[in-house]
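For reference, the structure is listed below as structure tokens.
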Amino acid sequence: MRLSQFHLATVKEVPADAEIASHRLMLRAGMLRKLAAGIYTWTPLGLRVLRKVETVVREEMDRAGAIEMLMPSIQPRELWEETGRWEKFGGQLLKIRDRKEQEFCYGPTHEEVITDFARNELKSYKQLPITFYQIQTKFRDEIRPRFGVMRAREFMMKDAYSFHLDMESLDNTYRTMYDAYARIFSRLGLRFRAVQADTGAIGGHASHEFQVLADSGEDALAYSDGSDYAANVELAEAKAPEGERPAPLAELERVNTPTQRSITEVTDFLGEDPRHCVKTVMVRGTEGLVALCVRGDHEVNEVKAAKLEELPGESVLASEQEILAAVGAQPGFIGPVGLPDSIPVIVDRSAAVLADFVCGGNANGTHYVGANWERDARIARVADIRKVVAGDLSPDGEGTLRLARGIEVGHVFQLGGRYAESMGANVLDEGGKSRSMLMGCYGVGVSRIVAAAIEQNHDERGILWPEPMAPWRVAICVIGNKGSTQALDAATELYQALAGRGIECVLDDRGLRPGPMFADMELIGIPHRIVVSERGLAAGTFEYRARHEADSKAVTREELFELLDKPLLAEGNI
Ligand code: ATP
Ligand code: MG
């Protein structure tokens, strides 16, 4: 590609709402243009990168035996009614109406469409197992689209769906897909981890997320320093503390805490340690309020709490009015002692072993000290309802947990029977009996990967693409002298020679001064830069610089070929 014939449009000023490096750099490099909130145009430069990612994903899906197809993005309401998701999917589902008043949605995902396809196409066990995939545009009306294409409303996903008659077959394909994902992210040169993930309120089946490690990531991950255990914090189990609860020593006493509501305020005021406090969070249960109690230095894990049978499948905080009406105190002063019998008290394992603890007094401006379970406060149930913290024992018993942040770029999930059953997707088994199929689904955030890669690979001058994702591997920059085409001619010849060796390059023949030309190539992250100048030609050399190196060096044509024939190593998994 000759840059003079391309539309490269880097920009100096980026909007203030671009909060993270990848968003800023994608705008500055001119890879994206915003059309509306969470909706972007991929410029020719951006598209080159997106296509690179797509290619790796496609190659690995094909290699894993998945079969490519393409489903529509507009989906009829009736299909979504069959699975109950027309209502249940919530506000992310963009609903639209056609001129005949028929209702549709813009597909946020394709379980319904693929299951409909499968029930029509698949008739016999002989056709199983089978995995279909597509690379296609999704729309989710995200509450808070942000970070550019990282959390967009319209985005590109690779989604695959597998069909089986038994769990063993589902397990096998799940493993194949898991391995394919590991290869995809390794080939793309990303540092990532596969972590156990939540399977939602329905639960029960395996699920892993592939997380690119980055401080700006929206997901919190926990991993063991002594084993390969890794999980999304949403899911990570907090082990029960060892040992029994000590016997009560203190008397229960109500103390005045006139304005102290938060754990920090209360413990500072009373000179106590937050680890000797019980924090109470009121949520809406299926029948009235439910009190969730965790240790003062811990937080309730809403995803775990949502799975409690007392809760309706989600964890919603009670309002101040609801709490006042039920308990007679404001949220900062509530605790497990003396709550009405109608409110079950569910206690985290770490809070359940406390004795002589501090908790809310259930009257405004008061707390209790010297409180004890059973003697002073009922326990309906002890359960694991807190978020793990760094230093917790690893759930597998080996090592302690550390925390990291990640960007979810892929998700593999055993759906089991739920879609096939509700939509009647059956095949005949070996005995000629009609049986419902099992399914797996496997998503990759193709457009999000582009942003995630930049989060991991950038410096103050711009992007440092892992080679497999770079818009071009090599930039040939021409420094011309007035009235002479010598440098341009030599650069063009070199460009053709490299292209002939299968090395993808771009020729910067825009006639810019070296400063702005180099700045552009650094900003857009081209891994290798070659400068062709009359001075170099006179010495029989080119000036070469790798994007991640500080210095350039003079190399001969042969040295250059040798250098570029071998790709830079991808960093791969950690
Ligand atoms: P998230 O928790 O980030 O919202 P999700 O669990 O809703 O993701 P899935 O339904 O599993 O995502 O979709 C598969 C993949 O699509 C995700 O792993 C992610 O990489 C990508 N993805 C999901 N939502 C978005 C979005 N709003 N913008 C860009 N990519 C997305
Ligand atoms: Mg989501």
Side-chain angles (χ1 to χ4, degrees), residues 20 22-23 26 32 34 36-40 42 46 50 53-54 56-57 61 73 85 88-94 105-114 133-161 174 177-178 180-182 184-185 188 190 192-202 205-214 216-221 231-235 302-303 405-415 419 439-455:
I20 59 170
S22 59
H23 188 192
M26 287 182 86
L32 292 181
K34 179 169 166 178
I39 302 180
Y40 292 88
W42 288 81
L50 189 68
V53 177
E54 253 183 69
V56 171
V57 171
M61 282 297 109
S73 47
R85 292 211 294 181
K88 250 194 267 160
F89 206 89
Q92 286 203 5
L93 194 64
L94 180 68
C105 65
Y106 197 109
T109 177
H110 279 69
E111 282 82 8
E112 279 78 2
V113 180
I114 194 73
Y133 80 96
Q134 64 172 347
I135 297 176
Q136 190 249 20
T137 303
K138 303 281 186 259
F139 192 95
R140 295 183 181 179
D141 203 354
E142 299 276 357
I143 298 182
R144 229 186 128 201
R146 57 181 189 155
F147 301 162
V149 294
M150 189 81 89
R151 180 163 299 283
R153 293 199 294 167
E154 185 175 304
F155 59 98
M156 191 71 85
M157 196 199 286
K158 185 284 299 176
D159 44 332
Y161 307 88
Y174 185 81
M177 284 293 145
Y178 181 104
Y181 276 36
I184 290 170
F185 302 120
L188 291 173
L190 299 170
F192 70 96
R193 255 180 197 273
V195 305
Q196 292 173 21
D198 182 48
T199 49
I202 299 159
H205 298 289
S207 169
H208 286 88
E209 289 162 357
F210 286 77
Q211 297 273 358
V212 161
L213 303 173
S216 58
E218 291 183 299
D219 285 8
L221 319 175
N232 194 307
V233 164
E234 287 183 343
L235 176 90
E302 290 173 13
V303 176
R405 302 212 59 93
I407 300 167
E408 182 194 321
V409 288
H411 194 176
V412 292
F413 199 108
Q414 295 194 352
L415 295 170
Y419 289 95
M439 288 170 64
C441 75
Y442 318 91
V444 168
V446 174
S447 44
R448 182 181 282 182
I449 286 175
V450 177
I454 299 176
E455 284 302 314

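Residues: numbered from 1 along the sequence shown. Counting starts at 1 for both ligands and their atoms, following the listed order.
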Region of [X] that comes within reach of ligand 1 [heavy atoms, distance under 4.0 Å]:
X      : result
Glu408 : both
Arg448 : side chain
Asp219 : neither

*If hydrogens are left out, which of Gln92, Lys138, Arg140 has an atom nearest to atom 5 (P) of ligand 1, that is, the closest non-hydrogen atom?*
Arg140
Which value, rounded to the nearest 0.5 Å, describes the distance between [X] atom [atom1] and [Y] atom [atom2]?
X      : Y      : atom1 : atom2 : value
Arg151 : Glu142 : CZ    : CD    : 4.5 Å
Glu111 : Leu415 : CD    : CG    : 5.5 Å
Leu213 : Arg405 : CG    : CZ    : 11.5 Å

_Please evaluate residues Arg85 and Tyr419 with respect to the criterion side-chain hydrogen bond (donor to acceptor under 3.5 Å, both in side chains), reporting the C-alpha separation (whole Å), side-chain torsions for both, the decisive distance (0.1 Å), and the verdict._
CA-CA 11 Å; Arg85 292 211 294 181; Tyr419 289 95; 2.9 Å; yes
*Just distances here: any N/O of Ala152 and N/O of ligand 1 closer than 3.5 Å?*
yes
_Check contact between Val409 and ligand 1, using heavy atoms of the residue and a distance below 4.0 angstrom._
yes
*asked:* Please confirm whether Val149 approaches ligand 1 to less than 4.0 Å, judged on its heavy atoms.
replied: yes
*Scan His411, Lys138, Gln136 and name whichever one has a side-chain hydrogen bond (donor to acceptor under 3.5 Å, both in side chains) with Asp159.*
Lys138
